[in-house]
Q: 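First, the structure itself, so that you have it in front of you.
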Amino acid sequence: VSAKRKPQAGATGSPKVFTTLVMDRSHSMTRFGGVPLRAINSYLERLKDSEASSAIEVSVVVFDHATDILVPMQPVHRVAPLGPYAHGKGTRLHGTVADVLERMVLRVVEAQATGLAVAASVAVFTDGEDTSLPKDKHLARLRRSVIEAEDLGFQLLAIGIGLDGAALAQQLWFPVQLAQTVDPDGLEILKAAADVSQMVEDFSAHFTHDRLLKVRDEPG
Amino acid sequence: VTNPANEATAAAKESAPSQTPTDGPAADPVSQLVTWLRQEVVEARAAGLRRPLVVGLVGLPGSGKSTLAAALCAALGDVRALTVSLDDFYLEAPARRARGFVHRGPPGTHDLALLDAFLTQLTGGAATLDVPQFDRDSELRQPAQPRTYPAAAPLDLCLIEGWFVGAAAPGYERLASALDRLIFLEMAEESARGARLGREASRRAAGHKVMSAETVAEFWAQALAPHFATWVKPLRSRADVVLCLDAEHRPTALQIGKPRCP
């Protein structure tokens with residue numbers, strides 16, 4: 001994907017927003033007990049209740065040394081609350097984000113090719129550094145996928161739990177101005193999840209509203 | 001519902017070991033598939049491949065992969081072939097739930113270390129393969145079944161079947177790259193869904209411990225179907241062969257090279 005595809009002139013049909021929540025489940029996250037799971041479920045609930053919910057499709061991905069897609073991309077109203085999961089060793093941060101972005105880029109490009117108006121949002125919650133070996137093995141792929149995602153107008157949110165969100169965003173090449181730093185505290189994580197779901201809601205609502213106006217303004 | 005395995009078995013009976021790809025246009029799709037597989041094995045050996053040819057068989061759940069794979073192995077006759085199901089690599093229930101998956105099936109619900117170990121044996125040309133076994137009722141791992149192939153009679157072909165075999169889903173990249181060939185079983189999603197739900201109903205009626213009809217439908221909609229567009233459908237264009245099935249599971253066409261079903 002090299003061409004700028006952000007403006008979708010001529011896109012038709014109901015607009016759609018693909019969203020993915022990426023949550024760290026490395027061992028260090030066990031200090032927060034069931035809070036990350038509650039944060040995921042409250043995020044899903046808020047999107048279900050949002051004004052743009054009919055346009056929102058959601059996916060939930062968790063990672064430790066491996067990456068698991070706990071909720072494959074589907075309309076948010078269809079998603080049931082997640083059950084508890086265990087934590088593992090390692091933090092496959094860069095590889096996971098690269099995997100997610102690559103798939104989202106493909107999904108968006110394919111949808112756009114069929115004339116659909118689509119946007120995408122990815123939020124990454126983590127409390128640690130990437131531990132992949134060899135060090136930085138996924139960085140080139142991550143960089144490439146972020147460039148493609150930015151090209152397509154993705155909303156990219158980095159949330160550092162007990163670590164500097166801006167530094168995390170820089171490390172992931174996400175926009176620093178959208179990054180958040182969260183104190184390593186259960187309540188703060190839940191608040192951050194609420195903030196992030198609000199940002200995704202706003203992004204979705206603006207996108208769908210804009211698309212509807214454009215469709216209305218288009219001749220014929 | 002006609003099971004593709006029955007079609008394949010019937011085809012197998014008609015398929016002589018000496019059959020060549022130049023068989024006339026009257027050959028049915030499964031016989032053609034058997035012929036193609038045999039030819040691929042012969043060509044791989046002639047090209048100096050010193051391990052089994054590894055062929056993936058992919059298609060939606062309910063499309064009849066495992067029965068077709070077993071029937072193909074039987075039909076290949078003089079070709080030493082082994083069928084392996086991705087289902088036999090499932091994590092046991094507690095380990096699966098610990099990873100956050102309620103039901104088995106989607107990417108992430110398999111024991112990837114076990115899969116890697118098996119692939120190492122397979123692609124390394126090991127004389128003995130420990131083929132994993134998984135009991136679906138108890139959701140417990142069973143002792144692996146050792147299969148020994150002496151140097152004088154090595155394994156020619158390993159068919160690995162599963163609904164996203166060949167997809168580079170997270171953790172499954174090695175399996176995807178281990179495949180020498182890929183067969184795509186094409187069936188309409190609604191037909192496959194009907195077959196999958198029907199199979200579950202039969203197992204329920206036979207007293208097996210299975211999900212309720214509602215849970216199966218929910219499982220299909222939430223945990224399986226959303227993966228199809230990502231992992232299964234793109235494999236069609238990458239497959240070496242596409243076997244098309246109608247709504248009654250009858251093979252209707254076999255497309256080799258540039259897959260296009262009517």
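In the text below, chain A, chain B and the rest are named by the order of the sequence lines, each starting its count at 1. Everything numeric here is computed off the predicted structure, so don't read it as measured data.
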Q: Dump the intermediate steps for side-chain contact (heavy atoms from CB on, under 4.5 Å) on A:F32 and A:I161, then the final yes or no.
A: CA-CA 11 Å; A:F32 307 117; A:I161 302 170; 3.7 Å; yes
Q: Who wins among A:A86, A:S59, A:P72 for the most heavy-atom pairs under 4.5 Å with chain B?
A: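 Maximum pair count with chain B is reached by A:P72.
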Q: Pick out which of B:F164, B:F101, B:F118, B:W163 makes a ring-ring contact (aromatic ring centres under 6.0 Å, His included) with B:H110.
A: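 The passing option is B:F164.
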Q: Taking 4.0 angstrom as the limit, do B:E189 and B:K233 come out as a salt bridge?
A: yes
Q: Who among B:A221, B:A168, B:A229 has the most heavy-atom pairs with chain A under 4.5 Å?
A: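 Answer, by heavy-atom pair count under 4.5 Å with chain A: B:A221.
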Q: Would you say the ring centroid of A:H65 lies under 6.0 angstrom from that of A:F63?
A: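 Between A:H65 and A:F63, the centre distance exceeds or equals 6.0 Å.
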Q: Which answer fits A:R103, side chain, backbone, both or neither, if we ask what part of it has an atom under 4.5 Å from a heavy atom of chain B?
A: side chain
Q: Is there side-chain contact between A:R31 and A:P184, with heavy atoms separated by less than 4.5 Å?
A: yes
Q: Can you tell me if NE2 on B:H103 sees more than 12 non-hydrogen neighbours from other groups inside 6.0 Å?
A: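 Yes, the 6.0 Å shell around NE2 holds more than 12 heavy atoms from other groups.
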Q: Which bit of B:R99 comes within less than 4.5 Å of chain A, counting heavy atoms only: side chain, backbone, both or neither?
A: both
Q: Specify which of B:P226, B:G108, B:P234 makes the most heavy-atom pairs with chain A at under 4.5 Å.
A: B:P226
Q: Any idea which of B:L224, B:T230, B:V102 has the most non-hydrogen atom pairs under 4.5 angstrom with chain A?
A: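 It is B:T230.
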Q: Quick one: of A:D99, A:T67, A:L37, A:L70, who has the most non-hydrogen atom pairs under 4.5 Å with chain B?
A: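 Heavy-atom pair counts peak at A:L70.
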